[in-house]
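Throughout, residue positions are numbered sequentially from 1 according to the sequence presented. Just so we're clear, the structure is a prediction, and the values are computed from it rather than from any experiment.
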Amino acid sequence: MKKILILLSALMLLLSCKHSGNAEIILPPSSGNTNAILVVMKSSKWLGKPGDAIRSVFGEHQVGLPQPETLLSVSQIDPSGFSKFVRNNKAILFFKKSDSSSLSIEKNKFSSPQMVINVTYKDEYDLVNLINNRGKEIIQLFKDEDIKFTQGVFKRERIDASKLSTIKALGLEIDIPERYRLVQDTLSNFLWMRHHLMSGIARGDGSNNILIYSLPLKDESKIADNITIVRDSIGEKFIPGSREGMYMITEQAYTPFIYETTIDGKKAYETRGKWEVKNDFMAGPFLNYTILDKKNNRLVVFEGFTYAPSVNKRDFLFELEAIGKSLKIK
């Protein structure tokens, strides 16, 4: 046990090391929550048009959630206060006036893991335009880094998914944290796992759920149109309510959002919307990835859904997103 503790301590030191020539600088661990960034900007700008632009662009709501929640949580500090432990925030957006406009990225500048995005601007007009034109790009950079970090955590604490019948039969690899417990695992084609939200990255009252299954690839042009039809049939067959005639369906009063994306280098459809239990009052958000596996002439589906009444749900869905994007088809 003593040798193991020594090895783990050495590993943490290596992960926090930053090379400078022939020397290594040991960086402090970063701080800050997932989906949160620190904006370093003069307070006069923050209270003016540039701050308004940031609040408008970065205040966009995450689709598919029951209550309005922004894509990122944003806080601000004046450059004069940017020192000591404040610099250890894991996600920093730094604005500085200069002779030219630019956007650059620095990794692990003050702490580890950390991403600092530096934005330079010539004047206020230039700054507002830059925020409006490249704000969504900046948001995606931070979110991608959060996904990468979260997946790294899950990879270290994952279950042995190869022992699950459905994962083995479908020839998949996926990093599911060990806190998820098995609900149902058929011999070949349906997996349901659940995490009661009392610990881990997502905390709250309720549960996070993972579904994995496959179906034949028929008409590729109709995949997007059939996603809700398929998930409703799966809900009727596998996700029952508390009484007969109750089962999970796509909420009928809310049209899901569907986007094209890529999972494991393969074309996929990302669907975000709300689920409900037919003839009952249970409901919540879901995230669905329908992946085209042309090699095996099938669709592989990963779905995550959350039940967490009376609390915000953005970070719960983010955890499911990180798990879903770790999926690989052998």
Side-chain angles (χ1 to χ4, degrees), residues 63-64 144 147 150-151 154-155 158-177 180-195 208-240 247-251 255-275 278 285-306 317-330:
V63 301
D144 288 346
I147 288 286
T150 304
Q151 288 177 335
F154 292 167
K155 188 175 288 292
R158 67 185 185 275
I159 63 172
D160 184 357
S162 65
K163 293 182 179 179
L164 298 168
S165 298
T166 299
I167 297 295
K168 185 176 181 180
L170 297 182
L172 306 178
E173 293 180 357
I174 188 168
D175 295 331
I176 302 174
Y180 280 79
R181 297 291 183 263
L182 184 64
V183 179
Q184 187 173 351
D185 185 17
T186 66
L187 294 177
S188 60
N189 202 31
F190 181 79
L191 174 69
W192 179 5
M193 301 195 74
R194 176 187 291 144
H195 164 49
N208 254 8
N209 298 265
I210 292 170
L211 309 178
I212 296 176
Y213 55 92
S214 73
L215 55 148
L217 173 58
K218 296 179 180 179
D219 188 345
E220 186 175 335
S221 65
K222 295 182 178 180
I223 293 173
D225 294 333
N226 290 332
I227 287 174
T228 56
I229 296 172
V230 169
R231 72 175 307 276
D232 287 353
S233 67
I234 291 293
E236 182 175 7
K237 185 176 181 180
F238 293 108
I239 317 293
Y247 52 88
M248 188 176 73
I249 59 173
T250 307
E251 184 175 310
T255 302
F257 292 81
I258 301 177
Y259 315 89
E260 285 192 16
T261 188
T262 302
I263 301 290
D264 189 31
K266 299 172 179 60
K267 182 179 178 180
Y269 292 92
E270 175 182 321
T271 305
R272 291 179 181 265
K274 301 176 186 176
W275 61 269
K278 187 175 182 180
F286 75 85
L287 168 69
N288 177 295
Y289 290 115
T290 298
I291 307 160
L292 281 72
D293 180 15
K294 292 186 178 181
K295 178 181 176 181
N296 296 300
N297 196 35
R298 64 180 180 174
L299 298 174
V300 175
V301 180
F302 170 93
E303 179 162 321
F305 68 94
T306 296
L317 263 289
F318 178 82
E319 173 171 312
L320 295 169
E321 179 182 352
I323 295 171
K325 287 182 175 178
S326 74
L327 188 145
K328 292 180 172 51
I329 301 173
K330 296 179 183 178

- According to the salt bridge (Lys or Arg N to Asp or Glu O under 4.0 Å) rule, which pairs have a member within residues 222-231, sequence neighbours left out? Arg231-Glu303
- Can you name the side chain to side chain donor-acceptor pair (under 3.5 Å) partners of Asn189, sequence neighbours left out? Ser214
- Item | Set of residues satisfying side chain to side chain donor-acceptor pair (under 3.5 Å) with respect to Arg272, sequence neighbours excluded | Glu270, Glu321
Can you tell if the side chain of [X] reaches within under 4.5 Å of the side chain of [Y], non-hydrogen atoms only?
{"X": "Leu292", "Y": "Ile223", "result": "yes"}
{"X": "Ser326", "Y": "Gln151", "result": "yes"}
{"X": "Phe302", "Y": "Val300", "result": "no"}
{"X": "Tyr289", "Y": "Lys325", "result": "yes"}
{"X": "Ile212", "Y": "Leu172", "result": "yes"}
{"X": "Phe318", "Y": "Thr150", "result": "yes"}
{"X": "Tyr213", "Y": "Thr186", "result": "no"}
{"X": "Lys163", "Y": "Lys168", "result": "no"}

- Between Thr250 and the options Asn288, Thr228, Asp232, the side-chain hydrogen bond (donor to acceptor under 3.5 Å, both in side chains) test singles out Asp232
Could you report the tightest heavy-atom contact between [X] and [Y], atom names first, then the distance?
{"X": "Ile159", "Y": "Pro177", "result": "CG2-O, 3.8 Å"}
{"X": "Leu182", "Y": "Gln184", "result": "CD1-O, 3.7 Å"}
{"X": "Ala224", "Y": "Tyr269", "result": "CB-CE2, 4.0 Å"}
{"X": "Thr306", "Y": "Trp275", "result": "O-NE1, 3.1 Å"}
{"X": "Thr271", "Y": "Ile258", "result": "OG1-CG1, 3.6 Å"}
{"X": "Ile263", "Y": "Leu327", "result": "CG2-O, 3.9 Å"}

- Note on the structure: Output for pair (Met193 CE, Ile323 CD1), nearest 0.5 Å, gives 9.5 Å
- Approximate separation, where rounding is to 0.5 Å, of Ile210 CD1 and Ile176 CD1: 4.5 Å
- Query: With Asn209, which residues qualify under side chain to side chain contact (heavy atoms under 4.5 Å, CB included), at least two apart?
  - Reply: Trp192, Arg194, Ser207, Phe305
Check: [Y] main-chain N/O paired with [X] side-chain donor or acceptor under 3.5 Å:
{"X": "Glu173", "Y": "Lys328", "result": "no"}
{"X": "Thr166", "Y": "Phe190", "result": "yes"}
{"X": "Asp264", "Y": "Lys266", "result": "no"}
{"X": "Asn208", "Y": "His195", "result": "no"}

- Message: Does Asp293 form a salt bridge (Lys or Arg N to Asp or Glu O under 4.0 Å) with Arg298? I'd like the steps, not just the answer.
- Response: CA-CA 5 Å; Asp293 180 15; Arg298 64 180 180 174; 2.6 Å; yes
- Message: Under the rule for salt bridge (charged side-chain N to carboxylate O under 4.0 Å, His left out), what residues qualify as partners of Lys278, not counting sequence neighbours?
- Response: none
- For Lys155, check salt bridge (charged side-chain N to carboxylate O under 4.0 Å, His left out) against everything at least two apart and list the hits. Asp175
